[in-house]
Amino acid sequence: MPELPEVETIVRSLRDGGRGSLSIMGKKILKAKVSWDRTIETPSVPVFKKRVINQTVLDVSRRAKYIHIHLSQDSLLIHLRMSGDILVGEGIKPLGKYSRMALFFENNTQLSFENPRKFGRVWLLSDTDKIFKDLGPEPLDPEFSPNLFFEMLRSKKRQIKPLLMDQKFIAGIGNIYADEALNLAKIHPATSSDSITLKEARKLLKALNEVLQEGIRRNGASIDWVYKGGGFQNYFRVYQRTDEPCLACYTPISRIVIGQRGTHFCPKCQPDPNS
DNA sequence: AGGGAAACCCGAACGC
DNA sequence: TGCGTTCGGGTTTCCC
């Protein structure tokens, strides 16, 4: 559930403070606590706990759905998967109920990786290439052109929605923003990617930019009981609006399953090209 | 190569 | 009220 806009919101609050959070920029790590060992994908927990100590946060950025904490020696990557959140506060007491990993900084500041369903993972690496090299382009990158997007779509023969959610194809899009963007672009989620015209590709890329930027502007969506703070859930066009009227034409929103994922769309605005 | 399914998890929602 | 069951969601892995 945390997708590009939610991760971007968290990254910004880690970097700049705000959203009830303290900035971790420039802070030195004094100690790490791991309360569920499998949270740490690499290295081993003992090595991880030893290696992060005395490293300082130089920057925080985002690539796809990864939070990238640039430390003085290494990169700390956090992927929230579907139920993760990051809390930053003061003191050494656990900040939340589901803390799986916590970093304790100088100045009494703590970062907690909250992860109730234990899907999220943490990496400590000297080189992020191994993780980042297989990721597709960032949809919000101004260099990512409609022409390139069109060529990419044409070179595949896949249903458009699962393709948009494939991180190797394009980065950062999950179930919510895929449904929202396809609705805005008036494209049926099962449309074969190679049947999408240049005009439609242009419209879809524009729609992706719009929904992702709206998500960021509203600090993400608080659709789960885990990630809090965002307000985009109040502006969904189709996601989790099954049987409710389409905002454009009042037709009840349909829900089908595509690629094992709940998929919401307007049957009138987004007609199935195969029927 | 594409696509379906299962696995990883567990709180919440639902059914009775 | 309380129990058991089902569901969902990002990613990887396996199989057809």
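Sequence lines set the chain letters: A, B, ... in the order given, protein chains first and strands last, and positions in each chain run from 1.
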Distance in angstrom units between A:Leu77 CG and C:dT11 C1', rounded
15 Å
Provide, to the nearest angstrom, the distance between the NZ atom belonging to A:Lys157 and the P atom belonging to B:dG3.
10 Å
Is the Lys NZ or Arg CZ of A:Arg218 less than 6.0 Å from the centre of A:Tyr235's six-membered ring, within 45° of the axis?
yes
Exercise: do A:His70 and A:Ser61 side chains pair donor with acceptor under 3.5 Å:
yes
Without hydrogens or angle criteria, can the side chains of A:Asn175 and A:Lys161 be said to hold a donor-acceptor pair below 3.5 Å?
yes
In whole angstroms, how far is the P atom of C:dT6 from the CZ atom of A:Arg117?
17 Å
Please state how far atom NZ in A:Lys168 lies from atom C1' in C:dT13, giving the value in whole angstrom units.
11 Å
Look at the aromatic rings of A:Phe149 and A:Phe169 and report parallel, tilted or perpendicular, splitting at 30° and 60°.
tilted
Respond yes when some side-chain nitrogen or oxygen of A:Lys118 is under 4.0 Å from OP1 or OP2 of B:dC10, and no when none is.
yes
Does A:Tyr239 make a side-chain N or O approach to OP1 or OP2 of C:dG9 shorter than 4.0 Å?
yes
Specify the separation, in whole Å, of atom CD of A:Gln240 and atom C1' of B:dA12.
13 Å
Could you tell me if A:Glu244 and A:Tyr250 have a donor-acceptor pair between their side chains, going purely by distance under 3.5 Å?
no
Whole angstroms only, please: what is the CG-P distance between A:Leu163 and B:dG3?
9 Å
For C:dG9, take OP1 and OP2 only and decide whether either is under 4.0 Å from a side-chain N or O of A:Arg81.
no
Tell me: CE of A:Met165 to P of C:dG9, nearest whole Å?
9 Å
Does the distance from a Lys or Arg side-chain N to an Asp or Glu carboxylate O, for A:Arg158 and A:Asp194, drop under 4.0 Å?
no
Can a side chain N or O of A:Gln260 be found less than 4.0 Å away from OP1 or OP2 on B:dA7?
no
Can you tell me the distance, in whole Å, between the CE atom of A:Met82 and the C1' atom of B:dA12?
14 Å
Tell me which residues in residues 60-70 of chain A lie within less than 4.0 Å of DNA chain B, going by non-hydrogen atoms.
none
So, is A:Arg100 near the phosphate of B:dC10, with a side-chain N or O under 4.0 Å from OP1 or OP2?
no
Verdict with reasoning, A:Phe132 to A:His68, per ring-ring contact (aromatic ring centres under 6.0 Å, His included)
CA-CA 11 Å; A:Phe132 289 169; A:His68 183 177; 5.7 Å; yes
For the side chain of A:Arg38, starting at C-beta, report the closest nucleotide among B:dG2, B:dC9, C:dG9.
B:dC9
